[in-house]
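Single-structure report; data block below.
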There are 2 protein chains.
Amino acid sequence: MANITDVAKKAGVSIATVSRVINGNTNVRENTKQTVLKAISDLNFTPNINAQGLQKKITKTIGLIFPDASSYYFAEIIRGISSRLRKEGYHIIVASSHDEEDEVNTLISLLKSGRVDGMILMMPSIQNVNVFKDSLVHTPVVYLSTGINTSQSTTVVLDNYQAAKDITEHLIWHGHKRIAFIHGAPRNFDSMERYNGYVDTMKNHNFEVSKTLESHGNFTEASGFKSAMELLNQKVRPTAIFAANDAMAIGTIEAAKRLSLKIPDNIAVVGFDDISTAQYIDPALTTVKVPVYKVGQIVGRSLFNQLTDGKKNIIEEKIVIPLKVLIRKSCGCSYEDDKFL
Amino acid sequence: MANITDVAKKAGVSIATVSRVINGNTNVRENTKQTVLKAISDLNFTPNINAQGLQKKITKTIGLIFPDASSYYFAEIIRGISSRLRKEGYHIIVASSHDEEDEVNTLISLLKSGRVDGMILMMPSIQNVNVFKDSLVHTPVVYLSTGINTSQSTTVVLDNYQAAKDITEHLIWHGHKRIAFIHGAPRNFDSMERYNGYVDTMKNHNFEVSKTLESHGNFTEASGFKSAMELLNQKVRPTAIFAANDAMAIGTIEAAKRLSLKIPDNIAVVGFDDISTAQYIDPALTTVKVPVYKVGQIVGRSLFNQLTDGKKNIIEEKIVIPLKVLIRKSCGCSYEDDKFL
DNA sequence: TATTCGAATGTAAACGTTTTCAAAAATATA
DNA sequence: TATATTTTTGAAAACGTTTACATTCGAATA
């Protein structure tokens with residue numbers, strides 16, 4: 001494989017000149033530039049990334065740590081991030097893992113070995129965040145859906161709170177007073193915020209908020225099914241259930257069917273995310289749309305800004321993504337969704 | 001950040017010795033080894049990956065190119081690959097893109113710039129595969145779900161053909177003769193193999209195989225809905241539909257409901273993949289289980305083998321993953337699936 | 001034509017490792 | 001104890017770039 005010296009020889013110039021044209025330096029005569037470009041193309045030369053990284057101390061690579069639970073929208077997120085960062089020449093290293101310690105280690109090693117220029121952290125489970133903060137003070141990083149308050153870095157969060165309020169208000173508008181909430185995974189930031197939106201809205205209306213109206217799942221359909229069963233088997237049933245995500249809402253619908261309850265007449269159900277199944281399930285699920293691809297792009301752009309601004313003047317920034325409620329039928333609306341025809 | 005020279009100074013040895021310790025070279029006296037180790041830990045030193053890569057010509061990184069369509073199981077695949085490769089110290093660079101040319105470019109640049117030691121290619125759409133082959137002769141690579149026949153490399157494929165035969169046979173066992181097939185994305189290898197299994201089985205039984213029993217989708221629920229509508233609106237309807245994946249099968253179920261057809265009585269439906277929704281949809285979907293995580297691990301192991309064996313003696317190898325039919329209700333079986341309770 | 005000055009180019013050092021080869025130290029052998 | 005052998009260590013080159021600095025070139029000015 002050709003290296004810069006081969007190119008220099010072929011073009012009859014020094015390697016410095018070759019380097020200059022590679023890096024778009026203006027101080028090269030048009031004439032020689034063309035000669036070099038020709039040599040590069042003739043020899044099918046690509047600069048060695050390790051040598052470049054060694055010199056420039058950048059790798060044009062960013063790290064992305066993602067948690068187990070997020071799998072369903074992960075590909076979309078990546079695509080969003082990648083679409084934004086690709087055009088700047090960045091690549092993405094991903095790391096997933098089943099246990100937190102492993103994640104921490106991966107992160108640290110990625111950082112310390114100089115493998116990445118920046119990081120995107122999807123760590124919805126707040127717990128370990130402080131372990132990271134120390135390692136990250138001098139690294140461009142954006143946190144996604146994390147409750148962390150960081151100086152020196154950017155956080156991108158969904159407007160879970162407002163959207164949860166909106167969708168709860170909608171249920172109340174339908175006349176519901178006994179509205180139950182199914183939590184997602186323990187300590188999950190998104191789930192907690194959605195819960196806060198729900199609770200505050202209930203309180204604003206002086207409606208009951210109690211443990212009997214809450215149940216704890218872990219974002220899976222199965223857990224939603226189980227949680228819903230608990231809620232629905234009480235002597236006094238809720239008339240509506242707000243699940244912290246769509247998968248659990250779908251589990252809830254399944255549970256209601258098992259108990260021969262009509263949706264939305266006997267029990268209304270709403271979710272969060274707008275996964276693709278939401279519109280196909282019967283009845284179509286009223287939920288909150290999370291624009292995953294777009295979130296990815298925003299995260300990508302935000303990281304790129306930090307990368308180019310340099311670590312010295314990173315601005316603490318919190319980007320809040322607004323969310324919209326998607327009215328379908330499971331809440332009681334009769335709006336006919338003509339999705340296909 | 002400390003470098004190898006700092007460590008050497010602190011330990012009172014030469015950088016060569018430090019390097020030996022780092023790389024587990026045996027020819028270091030236990031005594032000095034401990035001193036060096038102490039210095040490394042005191043200074044919190046991690047070898048610079050670019051310098052290592054420049055010298056050793058390996059990066060401990062592998063590239064993973066994935067197509068748009070595969071998004072739903074992508075996170076699981078990554079997790080599988082990563083779980084296998086992580087323990088060998090490898091990282092994963094991912095690249096997705098919306099158009100094929102972009103993919104090719106990414107691939108080539110990843111390879112040529114020395115950023116990756118090997119590649120995993122998920123390129124279910126056969127088309128462009130030959131473009132790659134040339135660039136890849138000297139690179140460890142494993143193809144996933146690709147129809148390509150390569151010397152010098154490994155291919156991991158699902159046993160689509162056999163599983164499609166099995167599930168078609170099952171429909172026939174239920175008494176169906178007019179069985180329709182909904183294709184996935186054009187030129188998609190998995191879809192084509194599934195079709196072949198279907199067609200051969202039909203022919204074996206001397207059942208009709210014709211264009212009126214085929215429709216073309218693109219793996220999405222919406223396309224399944226549309227394709228099913230076409231099939232079901234014919235004067236003579238099929239009595240069963242085999243969709244090339246679950247998403248389209250779910251679209252098919254939706255379509256049948258729209259037309260007030262009972263499943264499985266008026267029309268049986270089967271899919272492929274076993275996505276999580278398959279068991280929740282009503283009726284629960286009979287399908288073929290694709291063990292995605294396991295596939296990821298197999299792919300990871302296979303690439304690792306190539307990586308360690310060195311490129312000289314790579315064995316052409318084709319790994320076929322056996323698949324099992326999952327009987328639920330949409331085929332007409334009355335087996336009661338007690339998934340939760 | 002000689003002089004000055006800016007632009008274009010080249011030389012060589014630097015980035016942080018690994019590794020070859022030689023030297024030194026430790027150990028075994030006589 | 002002297003010598004041969006093996007093990008451990010160090011010096012220096014190499015990997016392929018970028019870049020500070022020095023040099024050369026060409027054009028513009030006098």
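Lettering of chains follows the sequences in order, A, B, ..., and the numbering in each one begins at 1.
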>> At 4.0 Å (heavy atoms only), tell me whether B:Ile49 reaches a base, stays on the sugar-phosphate, or touches nothing.
In response: nothing
> Just how far, in rounded Å, is P of C:dT17 from CG of B:Asn25?
Replying inline: 17 Å
> Closest to the B:Val28 side chain: C:dT18, C:dG10, D:dT9?
Replying inline: D:dT9
> To the side chain of B:Arg29, which of D:dT9, D:dC21, C:dT17 is closest?
Replying inline: D:dT9
>> Closer than 3.5 angstrom, by distance alone: can the side chain of A:Gln306 be matched with the main-chain N or O of A:Val141 as a donor-acceptor pair?
In response: yes
>> Rounded to whole Å, please give me the gap between CG in B:Asn27 and C1' in D:dT8.
In response: 7 Å
> Where the side chain of B:Asn3 is defined as all heavy atoms beyond and including C-beta, which of D:dT17, C:dG16, D:dT9 is the nearest nucleotide?
Replying inline: C:dG16
> In whole angstroms, how far is the P atom of D:dT18 from the CD1 atom of A:Ile22?
Replying inline: 5 Å
> Roughly how many Å is it from NZ in B:Lys56 to P in C:dT19, rounded to a whole number?
Replying inline: 6 Å
> Could one point to a donor on the side chain of B:Gln52 or the base of C:dT17 with an acceptor on the other under 3.5 Å away?
Replying inline: no
>> Counting only side-chain heavy atoms from C-beta out, which of C:dT17, D:dT18, C:dG16 sits nearest to A:Leu54?
In response: C:dG16
>> Out of the candidates A:Ile62, A:Thr59, A:Thr61, only one should pair with A:Ile93 under the side chain to side chain contact (heavy atoms under 4.5 Å, CB included) rule; please name it.
In response: A:Thr61
> From C:dT9, D:dT9, C:dC15, pick the nucleotide closest to the side chain of B:Thr17?
Replying inline: D:dT9
>> Which nucleotide wins on minimum distance to the side chain of B:Ser19, given the candidates C:dC21, C:dT18, C:dG10?
In response: C:dT18
>> Here's a test for you: under side chain to side chain contact (heavy atoms under 4.5 Å, CB included), which of B:Thr154, B:Val156, B:Ile298, B:Ile81 qualifies with B:Leu144?
In response: B:Val156
> Roughly, in whole Å, what's the span from CG in A:Asn31 to P in D:dG26?
Replying inline: 12 Å
> What orientation do A:Phe74 and B:Phe74 show, parallel under 30°, tilted 30 to 60°, or perpendicular over 60°?
Replying inline: parallel
>> Salt bridge check, B:Asp6 against B:Lys10: does any charged N sit closer than 4.0 Å to a carboxylate O?
In response: no
>> If you only use heavy atoms from C-beta on, which nucleotide in C:dT9, C:dT19, D:dT9 is closest to the side chain of B:Gln55?
In response: C:dT19
> Within the structure shown, what part of the strands sits under 4.0 Å from A:Asn50 by heavy-atom distance: base, sugar-phosphate, or nothing?
Replying inline: nothing
> Which of these nucleotides, C:dT17, D:dC15, C:dG10, is closest to any side-chain atom of A:Ala16?
Replying inline: C:dG10
> A:Asn23 has an atom CG; how far is it from atom P of C:dA8, in whole Å?
Replying inline: 17 Å
